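A quick write-up on the structure given underneath.
Per chain, numbering begins at 1; letters A, B, ... match sequence-line order. None of the values given here were measured: they were computed from a predicted structure.
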Amino acid sequence: MQHSKRQPSTKKRKIRVHHHHLKSSIFMASRNQGSAPRALVVEDIKVDRLILMHMLHKLNCEAIAVENGKEAVDLFLEGKTFDIVFSDKDMPIMSGPEAVAKIRAMGATEVKIVGVSADFGGKEAFMQAGADVFVPKPVKLETLQSMLEVVISKKNMSG
Amino acid sequence: MSAANQLAALIANMFATGLLDDQFQQLQMLQDPSAPNFVSEVVTLFCHDGERIIGELAKLLDKPTVDFDRVDAFVHQLKGSSASVGALKVKNTCIQFREFCQQKSKDGCLKTLETVRINFYELRGKFQTMLQLERQVNGFPPNN
């Protein structure tokens, strides 16, 4: 956390206080409206899954994780709904882009889908499948935060 | 030298020698009182998974006919998890490894596997020392 330095002076100075509580804006926004964003993580690599889940919990997200695209599609087939999906590209059984295409084909057009991959060529595959955005791995906490803020404001507007 | 100073020196050395990059600092920043063992959990999982993957790669490359797609898939996993924990040297070796997979070069893959093994175990050893020193700093006895 950083704090501004107060300069002794006869002139009035603007005091800026910088808060590095990454959680605060998302937490307050979701708390005021009563619902945390619901996220689905689709990732086969355990280390990546652990890190992404931790980041999402840190940002006050209700998050669950599955290990491949088929498990993600099955959740949607069961009628589960999410505000945002983070999907890796290359996974066993069903890839991320394939899962995204199936999810969109089911009519799940409102859910924000984020394609995630260390492979920069993955962007085209995800966007053609119907993802909203692509982010390269490793994902930064600030990137997640800004995405979740968009999701929350959209939720709040739709009531 | 106190355990805290040894820990700081070790981590600084790991950055200076190219074993780690700033992604590891991102992990450290994610640790907080609500998740006091986060870095330890991630590092332990990485070491466990990395060892398993290297074992699988050795088996695949020992076969008379190599399935380069499967080899590439495992290397992709190790590259991904290396990037996520900031294991720079291991990640870069995996990038080279994938090129040999694309070329379907068994010799290239075998040589690079050996480099991956050396880099991984060097990192793993330092991670283990790091975790031991963290335990001491936090007032726990070292694991035997």
| field | Test side chain to side chain donor-acceptor pair (under 3.5 Å) applied to B/Thr112 - qualifying residues, sequence neighbours left out | value | none

| Of B/Asn119, B/Val75, B/Ile118, which is the lone residue that meets side-chain contact (heavy atoms from CB on, under 4.5 Å) with B/Thr93? | B/Asn119

| Could B/Glu114 and B/Arg117 be called an ion pair, given the rule that one side-chain N must be under 4.0 Å from one carboxylate O? | yes

| Engaged part of B/Phe46 at the chain A interface, taking heavy atoms whose separation is under 4.5 Å | both

| field | Heavy-atom pair with the smallest gap, counting every atom of B/Ile53 and B/Phe74 | value | CG2-O, 3.6 Å

| query | Can you list the residues that meet the ring-ring contact (aromatic ring centres under 6.0 Å, His included) rule with A/Phe86, with sequence neighbours excluded? | reply | none

| Sequence neighbours excluded, which residues qualify as salt bridge (Lys or Arg N to Asp or Glu O under 4.0 Å) partners of B/Lys126? | none

| message | I'd like to know which of B/Ala73, B/Gly80, B/Gly86 tops the heavy-atom pair count under 4.5 Å against chain A. | response | B/Gly80

| field | Side chain / backbone / both / neither for A/Ile51 at chain B, heavy atoms under 4.5 Å | value | both

| request: Mark yes or no for whether B/Ser105, through its side chain, and B/Cys101, through its backbone, hold a donor-acceptor pair below 3.5 Å. | output: no

Donor-acceptor table for chain B and chain A, threshold 3.5 Å:
unit_1	atom_1	unit_2	atom_2	d
B/Gln23	OE1	A/Lys140	NZ	3.3
B/Leu30	O	A/His54	NE2	2.9
B/Asp32	OD2	A/Lys58	NZ	2.4
B/Ser84	OG	A/Asp48	OD1	2.5

